[in-house]
Protein chains: 2
Amino acid sequence: MTGKFCACIAQSMQYHRAPATTTFPELFELFVQAVLPQSLADAAYLQLQAMGRYASAVAGGVILEDGDQHQVVFVAQGATKLVAHASGGREQVVAFHFEGDLISVSSRGAHSYTLCALQDCELVAFPAEDFLGLARSEPGLLNEVLDRVLTSLSRSREKLITLGRKTAQERVAGFLVTMAERIGTPREGGCLLHLPMSRRDMADSLGLTIETISRQLTELREAGLIATSGRSDVHICDIAALEARAGQLAAAA
Amino acid sequence: MTGKFCACIAQSMQYHRAPATTTFPELFELFVQAVLPQSLADAAYLQLQAMGRYASAVAGGVILEDGDQHQVVFVAQGATKLVAHASGGREQVVAFHFEGDLISVSSRGAHSYTLCALQDCELVAFPAEDFLGLARSEPGLLNEVLDRVLTSLSRSREKLITLGRKTAQERVAGFLVTMAERIGTPREGGCLLHLPMSRRDMADSLGLTIETISRQLTELREAGLIATSGRSDVHICDIAALEARAGQLAAAA
DNA sequence: GGAGTTCATTGACCAGGATCAATGACCGGC
DNA sequence: GCCGGTCATTGATCCTGGTCAATGAACTCC
């Protein structure tokens with residue numbers, strides 16, 4: 001699962017995209033390519049096209065809030081965070097999403113959630129009930145959805161280990177490794193990372209403070225494992241060493 | 001210290017289970033009642049019956065390990081924990097399961113998982129591929145599975161908030177509230193709770209140490225919110241107050 | 001390209017929970 | 001019922017990461 005990155009994933013990172021001149025059919029086509037099974041019946045395809053709505057959000061904007069109709073959202077372009085709100089203004093980023101991801105926020109718990117855009121985003125949104133209703137009669141689609149939800153569950157559980165049992169250094173190193181796998185670009189034996197999220201987002205994702213994030217990044221930089229440039233560019237020089245710090249630091253025994 | 005509160009909880013709790021004389025058909029029937037949709041075709045029913053295997057585990061025993069064939073497991077009786085292993089012997093309990101729950105462990109991450117019995121368990125296990133393959137042609141079943149996976153995802157995300165942003169007191173109070181909802185018995189305006197897990201399991205679930213769990217329980221007891229008896233019986237006297245402590249303690253501002 | 005604002009870094013200090021250590025309760029086996 | 005091991009509780013101390021505060025870098029807007 002770790003080790004050899006990106007080659008397949010990286011849609012060469014363009015820094016700050018052109019204004020959204022994309023049309024709905026173009027976005028929908030991206031959705032079709034990324035999500036729909038080959039086998040899908042034409043009728044279902046048309047139904048999906050009819051129920052899908054184009055949506056866009058500027059960086060920092062809210063895409064979905066707690067009271068909203070339950071939606072299934074496809075990220076055609078951009079990046080988002082799913083934030084849970086605890087009392088006292090505390091926030092926990094529960095997941096990040098990037099191009100090609102399918103998001104379903106089913107809030108059955110005691111906390112409220114908000115889906116926010118990290119960058120300018122282009123999205124296709126479906127009313128969840130209609131979407132799943134259709135999927136119910138299209139096993140191929142339902143299966144694809146199940147698979148993606150299982151991936152989300154798996155990611156969420158990996159995050160539980162991080163938040164429950166890892167040190168600040170392990171969390172930050174692990175975060176960089178995960179991001180490298182998801183949105184990194186191979187470069188000179190290392191990996192180039194353009195992080196779409198702020199230090200605060202990282203902190204809220206890792207259960208730390210921005211100060212601790214900053215200190216840990218400094219430490220990794222001084223250890224020669226990463227190099228930084230500006231606020232959001234990170235060059236990972238030694239991925240193996242970073243992976244070691246992500247899980248083994250306190251291993252010793 | 002604990003002694004004086006014992007009076008609150010009479011010895012009304014039955015200490016457990018008759019030996020497992022249950023037959024596979026009986027267990028399978030429980031599975032059918034709990035999981036299968038009404039609409040399921042007879043053929044599918046028979047196929048499920050054929051692929052399901054009876055399994056049992058004694059308290060503390062391992063049900064599934066990392067290297068095992070990927071299974072879907074139905075808990076007919078007993079309780080289980082799903083544990084993730086981090087380096088240095090650190091463990092994180094990722095989920096608890098009780099009677100009627102359906103478990104799917106799809107480990108796509110960097111850590112290994114073990115499914116363990118907390119009590120003597122009776123289970124029905126299906127090879128995941130066969131099960132999902134059948135479900136693919138039975139939308140009703142696939143939909144039920146999706147629904148349960150979404151519930152797992154939701155629980156996992158609620159847990160992320162707990163581990164990322166809550167204090168020890170909030171975690172323990174929240175844990176008791178959640179357990180009360182899942183396995184509590186209403187009693188005298190409060191709720192009686194027989195916890196099948198040890199302090200260590202609670203600690204590994206909440207990202208704390210057993211000492212901290214113990215101190216927090218003591219504090220809640222001294223505040224009159226709970227009464228304890230023995231190692232595993234807890235009487236929740238004031239659920240509302242406990243809920244308040246679960247989320248609002250640091251609210252103030 | 002300079003001013004202003006937001007965001008990140010660094011430092012000093014503090015506290016919540018971990019760790020280490022000892023005692024005590026619970027429960028299972030005879 | 002007593003004995004032994006395991007598990008839970010309590011106390012003393014330590015340390016990681018949080019908090020508060022100040023400086024500095026980076027991006028935005030004209």
Side-chain angles (χ1 to χ4, degrees), chain A residues 15-16 58-60 88-91 118-120 162-173 194-204 206-222 226 228-234 249-250 252-253, chain B residues 1-6 9 11 13 15-16 58-60 86 88-92 118-120 162-173 194-204 206-222 226-234 249-250 252-253:
Chain A
Y15 291 7
H16 298 299
V58 295
R90 294 171 293 177
E91 301 200 332
L118 293 171
Q119 311 171 318
D120 294 348
T162 299
L163 297 189
R165 289 290 176 229
K166 300 219 166 175
T167 65
Q169 173 114 162
E170 290 174 307
R171 294 183 198 199
V172 173
H194 181 74
L195 299 173
M197 70 288 285
S198 68
R199 296 289 186 271
R200 166 146 303 286
D201 293 326
M202 290 163 65
D204 287 344
L206 297 174
L208 300 169
T209 59
I210 51 175
E211 292 95 329
T212 300
I213 301 286
S214 197
R215 279 185 254 270
Q216 295 304 330
L217 286 176
T218 300
E219 205 167 303
L220 291 174
R221 194 185 322 116
E222 287 174 349
I226 62 171
T228 56
S229 144
R231 285 171 178 167
S232 35
D233 287 337
V234 176
L249 215 162
Chain B
M1 179 49 66
T2 54
K4 60 182 160 178
F5 292 97
C6 296
I9 305 181
Q11 246 61 335
M13 226 45 225
Y15 288 125
H16 317 316
V58 295
R90 293 171 293 178
E91 302 200 330
Q92 175 64 43
L118 293 171
Q119 309 171 318
D120 295 348
T162 299
L163 297 188
R165 290 287 176 232
K166 300 221 167 174
T167 64
Q169 173 114 165
E170 290 174 308
R171 294 184 199 200
V172 173
H194 181 73
L195 298 173
M197 70 288 286
S198 68
R199 296 288 185 271
R200 166 145 305 284
D201 293 326
M202 290 163 64
D204 287 343
L206 297 175
L208 300 168
T209 58
I210 52 174
E211 292 95 329
T212 300
I213 300 286
S214 196
R215 280 186 252 267
Q216 295 304 329
L217 286 176
T218 300
E219 204 166 304
L220 292 174
R221 194 185 321 115
E222 288 175 349
I226 62 170
T228 57
S229 150
R231 285 170 178 167
S232 35
D233 287 337
V234 176
L249 215 162

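In what follows, chains are A, B, ... by sequence order, proteins preceding strands, each numbered from 1.
- Here B/Ser214 lies in heavy-atom contact (under 4.0 Å) with a base.
- Atom CD1 in B/Ile213 sits roughly 11 Å away from atom P in C/dG17 (whole-Å rounding).
- For the atom pair CG (A/Leu217) and CD1 (A/Ile210), the distance works out to 12.0 Å, reported to the nearest 0.5 Å.
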(message) Treating primed atoms plus P, OP1 and OP2 as sugar-phosphate and everything else as base, which nucleotides of nucleotides 18-30 of chain D get B, S or - for protein heavy atoms under 4.0 Å?
(response) SBB----BBS---
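- The CE atom of A/Met197 sits 16 Å away from the C1' atom of C/dC7 (whole-angstrom rounding).
- The nearest whole Å value for the distance from the CZ atom in B/Arg199 to the P atom in C/dC27 is 11 Å.
- B/Val172 has its side chain out of reach of B/Glu219: every pair of non-hydrogen atoms, C-beta onward, lies at least 4.5 Å apart.
- Taking every side-chain heavy atom of B/Thr218 into account, D/dT9 is the closest of D/dA8, C/dG17, D/dT9.
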(message) side-chain contact (heavy atoms from CB on, under 4.5 Å) for A/Arg231 and A/Leu195? Distances and angles first, verdict last.
(response) CA-CA 8 Å; A/Arg231 285 171 178 167; A/Leu195 299 173; over 6 Å; no
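- The only option from B/Arg200, B/Arg171, B/Met202 that meets the side chain to side chain contact (heavy atoms under 4.5 Å, CB included) definition with B/Ile213 turns out to be B/Met202.
- When only modelled atom types and interatomic distance are considered, B/Thr228 and B/Arg221 share a side-chain donor-acceptor pair under 3.5 Å.
- A/Glu170 places its CD atom 12 Å from the C1' atom of D/dT16, with the value rounded to the nearest Å.
- Put simply, CG on B/Leu195 is 15 Å from P on C/dC26, counting in whole angstrom units.
- When rounded to the nearest whole Å, the span between CG of A/Leu220 and C1' of C/dT10 equals 16 Å.
- Note: CD (A/Gln216) to P (C/dT10) measures 12 Å, nearest angstrom.
- In this structure, B/Ile210 atom CD1 and D/dT10 atom C1' are separated by 12 Å, rounded to whole Å.
- One distance of note links NZ of B/Lys166 with CG of A/Leu163; it measures 13.5 Å at 0.5 Å rounding.
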